Amino acid sequence: MTGSLVLPESFYARDVVEVARDLIGCKLLNEGVGGVIVETEAYDSDDPACHASRGMTGRNRAMFGPPGRAYVYFSYGMHHLLNIVCRPEGCPAAVLIRALEPTDGIEAMRSRRKPATAPEQLCSGPGKVARALGIDLSHYGLPVFDGHLTFLSRQDDWHNPEILATPRIGISAGTRRKWRYCAAGSRFLSRSLAAKGAVK
DNA sequence: CCTGCGATTTGCT
DNA sequence: GCAAATCGCAGGC
């Protein structure tokens, strides 16, 4: 627990692919509940799979604002998905948080999901992450530097994680880009890495 | 104005 | 392995 720092706004004001890679191994907490980030995806402004690629709408306006804010959106009529806004203000981009290795408040996560969920399944998907941490549209646009929602720098065994890149999940456009990043060998991912196309 | 579908998860036809 | 659940938006009529 020593030496962990809250990631500053400047961390997010960079290329979105770099941020997506650098977030692997960092810790995400909401009200002290969360874990280590083991899977992310990058979405950039000139990327057909990005919600902001066709201009600003009521839903995606947070992505056009300053970096380090939460972009939460509601999907399939029932799931919330948590993204963190990247690049300088006016350059829409975001990193989707897809999976965590739960470390803090596991019982609180279980109570929001299912009584006897195995740790490997608690946060193994973007909808599950939001559900387990209690994140919804009330977090839309909130900064992540202090207060309730917090990202902490890498600590302990996570200082230099091995990271693999694969195509992103569940999209129909932009599938050639390998902008999904996973902690190699983690048991907490949304799907197995056995899927082809994983590169370092 | 109305219709189709998506950065998903769950429980079973 | 597939269908249901059901919000916001884009595109077509």
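This one's a predicted model, so the numbers in the text were calculated from it and none came from an experiment.
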State the pairing partner of B:dA7; accept Watson-Crick or G-U wobble contacts with both distances under 3.5 Å, and report none otherwise. none
Pair A:Asp47 + A:Arg168, salt bridge at N-O below 4.0 Å: yes
Would you tell me if any nitrogen or oxygen in the side chain of A:Thr57 comes within less than 4.0 Å of OP1 or OP2 on C:dC9? yes
Any salt bridge between A:Arg87 and A:Asp15, counting N to O under 4.0 Å? no
Pick the nucleotide of DNA chain C nearest each of A:Gly58 and A:His79; which residue has the one closer to the 5' end? A:His79
Rounded to whole angstrom units, what separation is found between the NE2 atom of A:His80 and the C1' atom of C:dA5? 13 Å
Starting at atom CZ of A:Phe74, determine the distance to atom C1' of B:dC5, rounded to an integer number of angstrom. 15 Å
Is A:Arg131 touching bases, backbone alone, or none of the nucleic acid, heavy atoms closer than 4.0 Å? nothing
Does a side-chain N-to-carboxylate-O contact under 4.0 Å join A:Arg131 and A:Asp136? no
SB check A:Glu107 A:Arg110 (cutoff 4.0 Å): yes
B:dT9 phosphate, OP1 or OP2: any side-chain N/O from A:Arg113 under 4.0 angstrom? no
Provide, to the nearest angstrom, the distance between the CG atom belonging to A:Asp136 and the C1' atom belonging to C:dG8. 17 Å
Rounded distance in Å - CZ (A:Arg180) to C1' (B:dT8): 14 Å
